[in-house]
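These notes are about the structure you will find just below.
Letters go in sequence order (proteins before strands), and every chain restarts at 1. In this text the structure is predicted, and so the values were computed from the model without any measurement. All heavy atoms count here, side chains included; hydrogens, waters and symmetry mates do not.
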Number of protein chains: 2
Amino acid sequence: MTDTRSTPPASGDAPAATPDRRSPVTLSDVARASGVSLATASRAVNGSARKVRPDLHARVLAAAAQLGYTANGPAQAMARGRTSVLGLVVQDIADPYFSTMAAGVVRGAEQRGLVVTIGTTGRDPAKEAQHVAALRGQRASAVVVVGSRTDDAAVQARLAEEVAAFEASGGRAVLVSQESLPVDTVVVENEQGAEALVRALTERGHERFAVLAGPPGLLTARDRLAGFRAGAAAGGGRVVDDLVLHGDFTRDGGHAAMHRLLDSGFDRGCVLAVNDVMAVGAMAALRERGVDLPGAVAVAGFDDISTLRDVTPALTTVRLPLQEIGERAVELLLDEEGGGPRTVRVRGEVVLRASTPDLRRR
Amino acid sequence: MTDTRSTPPASGDAPAATPDRRSPVTLSDVARASGVSLATASRAVNGSARKVRPDLHARVLAAAAQLGYTANGPAQAMARGRTSVLGLVVQDIADPYFSTMAAGVVRGAEQRGLVVTIGTTGRDPAKEAQHVAALRGQRASAVVVVGSRTDDAAVQARLAEEVAAFEASGGRAVLVSQESLPVDTVVVENEQGAEALVRALTERGHERFAVLAGPPGLLTARDRLAGFRAGAAAGGGRVVDDLVLHGDFTRDGGHAAMHRLLDSGFDRGCVLAVNDVMAVGAMAALRERGVDLPGAVAVAGFDDISTLRDVTPALTTVRLPLQEIGERAVELLLDEEGGGPRTVRVRGEVVLRASTPDLRRR
DNA sequence: TATCGTGAGGAAAGCGCTATCCAACCACGG
DNA sequence: CCGTGGTTGGATAGCGCTTTCCTCACGATA
């Protein structure tokens, strides 16, 4: 197995390239110019398994640089039967959760000479499978799906089917966050993180918890909710069922849910949001209603989105190494597969900040 | 490797497609299965200029569906001489400024059946040209470079050269934010927006302005600074030169610059940051030093990053339609070119919030 | 010196698809 | 009944590159 990637070894700073040439320079041109055969030129320009005599090798490279040769990607892809494309599928690239992860994927991919394409689903899980299918048509060599994890069995089955087809056609696939499928996966330990968060809060004297729980069908949200419950129970506190409100997984979802919670008479306790943006929405709602934050109502989130680290009061949350998750996904992609599907588990780290004051020291 | 495909011509077998087929189905398979020539199959499967008799057309489509045919992207690209890839080059996809714009580009591209690839420069302007070159090698049909706009002439020249080469090879290019090059461009009216912001602030009674100005070589930052100066002058206020501090274009850059500003004795006035993330960093610094915000020191930013809309006090800024900019760039790309390079100008809108109180009403 | 193994260059066969060119075939009009 | 366009299918020539094979030269072994 050669791991000679096709990354043009041409040093980035070619001395006198002439990229203004009109009709594209082909490898044949290079071969002709350097007086070797097409085959030799090909072997010299990319790192083939076969060796080329040093002087010829240098001559070809020089000619390539002089002519401003750039390999024709599609042609290479076709001859090889595979592109060097990594397809990334996310819900919404403007969402910091996904864009941070994407940054990790892009970094990992660029290091390895892969091009990243990005597809978005706009929170429609059915589109994930469509994107994977399209990527298969493009002969992408890898795909990373940062999933939504719904509980819609038909949708999941469709995705599983497409991912299987993708792998069957020779590509590698990694899912982030949905371990139910038989594929390499990076999972976030949502439940464990949520539980640890609430344990830390009960230690600080918080006892009465409300939850802004996100959409009912979203497994990520559900896991976090379960973790909140477990943590509360373990710490002797409790999550009152009446105080579990569902809503969108967005800032506005949190904002609306918090208003509803206040409408229902809630005016003291700790509000746990299943992600940071919802928590921030909740804080906005509390401010609008003139509630003492964090005196009367404390708030905590999940994710530790970096652009949200400067809200006031500083938000207690569970830090997820989002960028690292992206990088790990790429690693998983490129490592030789051992046996069955592997799973990388990533833990969050509880970060206590001012939005959840220590009640016992007060 | 023989490819004796045992394509079962038995039709009407199962209505469901069989995407689990191992060796990829080619157009030849479809042609054979439907009893037409390869040429006809090609014409039927994609929208060729040539017409195909309706019954044949239907038969080919049926066979394609039945066999689970997916076109081989690279092969099509090679035969056509062009892919349907739009290359997007940004500095950092985790930065909300770029990710929001990227979302606009992705949306526009997906609507038009283009695949978006994303390249990042990590704030190194020289990498922009490299990415454009690579995209040319991939025979991308379009490229959008969201630029850094440095004043490094050599770097700019290199980019101009690569973009020209890209266009010469038949692709379309659009730059965002750097109008100095002879290419279609979307420019943000930074100076105008900055001036309008400061005018609005002087109307509210602000008179003494400090500026967190970003890197000296960054033209975007420089334009905004110029706008601040113009606005202050017009409104009878002033930007004291001693109070113009340079630093990174990031949250930490703003944070550090604000600390320096406070160290220098600044303790009253309005701080203008050249972007929102710097403004937020500055607010954090003020909080750390116990400065009355916005009482003693007011703060304003630029961009109106949506995840930053919930900081306290709410940040006065200039709203930029980031997502729309991305979409406009794609439009520019696909429209038939008229004559010379076109320029789309986008204005910002001043948004006054609590971080810059109205001094006269107080 | 004759033979074999090895290493490296060259010719050429595709990769899967599009597009050009040809050949049928049709419906007319003369 | 034959000539003329106008259609539409089919054969086929590539697109630019990788990758077998094949060949040849060279040095080592007998």
Side-chain angles (χ1 to χ4, degrees), chain A residues 1-2 4-8 21 23-60 64 67 69-84 136-139 141 169-170, chain B residues 1-5 7 23-60 64 67 69-84 136-139 141 169-170:
Chain A
M1 165 109 299
T2 59
T4 34
R5 309 229 172 276
S6 68
T7 320
R21 204 181 187 293
S23 52
V25 180
T26 72
L27 192 55
S28 300
D29 298 331
V30 175
R32 200 172 316 123
S34 47
V36 302
S37 75
L38 180 57
T40 301
S42 169
R43 294 196 264 254
V45 158
N46 69 45
S48 156
R50 286 274 304 264
K51 270 176 217 160
V52 174
R53 217 198 312 147
D55 59 322
L56 279 191
H57 194 276
R59 214 159 79 205
V60 173
L67 262 42
Y69 170 73
T70 317
N72 181 317
Q76 281 188 317
M78 171 143 126
R80 296 210 253 251
R82 189 141 294 291
T83 63
S84 55
R136 180 160 54 100
Q138 294 303 319
R139 301 300 187 268
S141 55
S169 79
Chain B
M1 181 181 56
T2 57
D3 48 2
T4 27
R5 309 196 186 291
T7 322
S23 52
V25 180
T26 71
L27 192 54
S28 301
D29 297 330
V30 174
R32 199 171 319 123
S34 48
V36 302
S37 75
L38 180 57
T40 301
S42 170
R43 293 194 267 254
V45 159
N46 70 45
S48 157
R50 287 273 302 265
K51 270 176 216 162
V52 174
R53 216 195 318 144
D55 59 321
L56 279 191
H57 195 276
R59 212 159 81 204
V60 173
L67 261 42
Y69 169 74
T70 318
N72 182 316
Q76 281 188 316
M78 168 141 121
R80 295 207 253 253
R82 190 141 293 288
T83 63
S84 55
R136 179 159 57 97
Q138 294 302 321
R139 302 298 186 273
S141 54
S169 79

Residue whose nearest DNA chain C nucleotide is more 5′ - B:Ala71 or B:Arg50: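 Per heavy-atom nearest nucleotide, the more 5' residue is B:Ala71.
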Mapping B:Asn46 and A:Val52 to their closest nucleotides on DNA chain C, which lands nearer the 5' end?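 On the 5' side of the pair lies A:Val52.
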Base, sugar-phosphate or nothing for A:Ser42? Non-hydrogen atoms, less than 4.0 Å.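 Touches a base.
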Can you see if the side chain of [X] gets near the phosphate of [N] - specifically, an N or O under 4.0 Å from OP1 or OP2?
{"X": "A:Arg80", "N": "D:dT18", "value": "yes"}
{"X": "A:Asn72", "N": "D:dC15", "value": "no"}
{"X": "A:Gln76", "N": "D:dC17", "value": "no"}

Side chain B:Arg43 and base D:dG10 donor-acceptor under 3.5 Å: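 When only heavy-atom distances are counted, B:Arg43 does reach the base of D:dG10 through a donor-acceptor pair under 3.5 Å.
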Side chain of [X], heavy atoms from C-beta onward: which of [options] has the nearest atom to it?
{"X": "B:Thr40", "options": "D:dG10, D:dG14, C:dG14", "value": "D:dG10"}
{"X": "A:Ala39", "options": "C:dA11, D:dC17, D:dT8", "value": "C:dA11"}
{"X": "A:Leu27", "options": "D:dT19, D:dC17, C:dT18", "value": "D:dC17"}
{"X": "B:Ser37", "options": "D:dA11, D:dG16, D:dG14", "value": "D:dA11"}

Using heavy atoms to find the nearest nucleotide of DNA chain D for A:Met78 and B:Pro54 separately, return the residue whose nucleotide is more 5′.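 Per heavy-atom nearest nucleotide, the more 5' residue is B:Pro54.
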If I take atom [atom1] in residue [X] and atom [atom2] in nucleotide [N], what distance separates them, rounded to the nearest angstrom?
{"X": "A:Lys51", "N": "C:dG10", "atom1": "NZ", "atom2": "C1'", "value": "19 Å"}
{"X": "B:Tyr69", "N": "C:dG16", "atom1": "OH", "atom2": "C1'", "value": "7 Å"}
{"X": "A:Arg139", "N": "D:dC17", "atom1": "CZ", "atom2": "C1'", "value": "17 Å"}
{"X": "A:Leu38", "N": "C:dA8", "atom1": "CG", "atom2": "C1'", "value": "16 Å"}
{"X": "A:Arg82", "N": "C:dG16", "atom1": "CZ", "atom2": "P", "value": "12 Å"}

Taking atom [atom1] of [X] and atom [atom2] of [Y], what is their separation to the nearest 0.5 Å?
{"X": "B:Gln138", "Y": "A:Asn72", "atom1": "CD", "atom2": "CG", "value": "8.0 Å"}
{"X": "B:Tyr69", "Y": "B:Ser28", "atom1": "OH", "atom2": "OG", "value": "8.5 Å"}
{"X": "A:Leu67", "Y": "A:Leu27", "atom1": "CG", "atom2": "CG", "value": "10.5 Å"}

Could you list the residues that satisfy side chain to side chain donor-acceptor pair (under 3.5 Å) with B:Thr40, not counting sequence neighbours?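 Per chain and number, B:Thr40 pairs via side chain to side chain donor-acceptor pair (under 3.5 Å) with B:Ser37.
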Under 3.5 Å: donor-acceptor pair, side chain of B:Arg139, backbone of B:Gly137: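 Here the side-chain-to-backbone pair exists.
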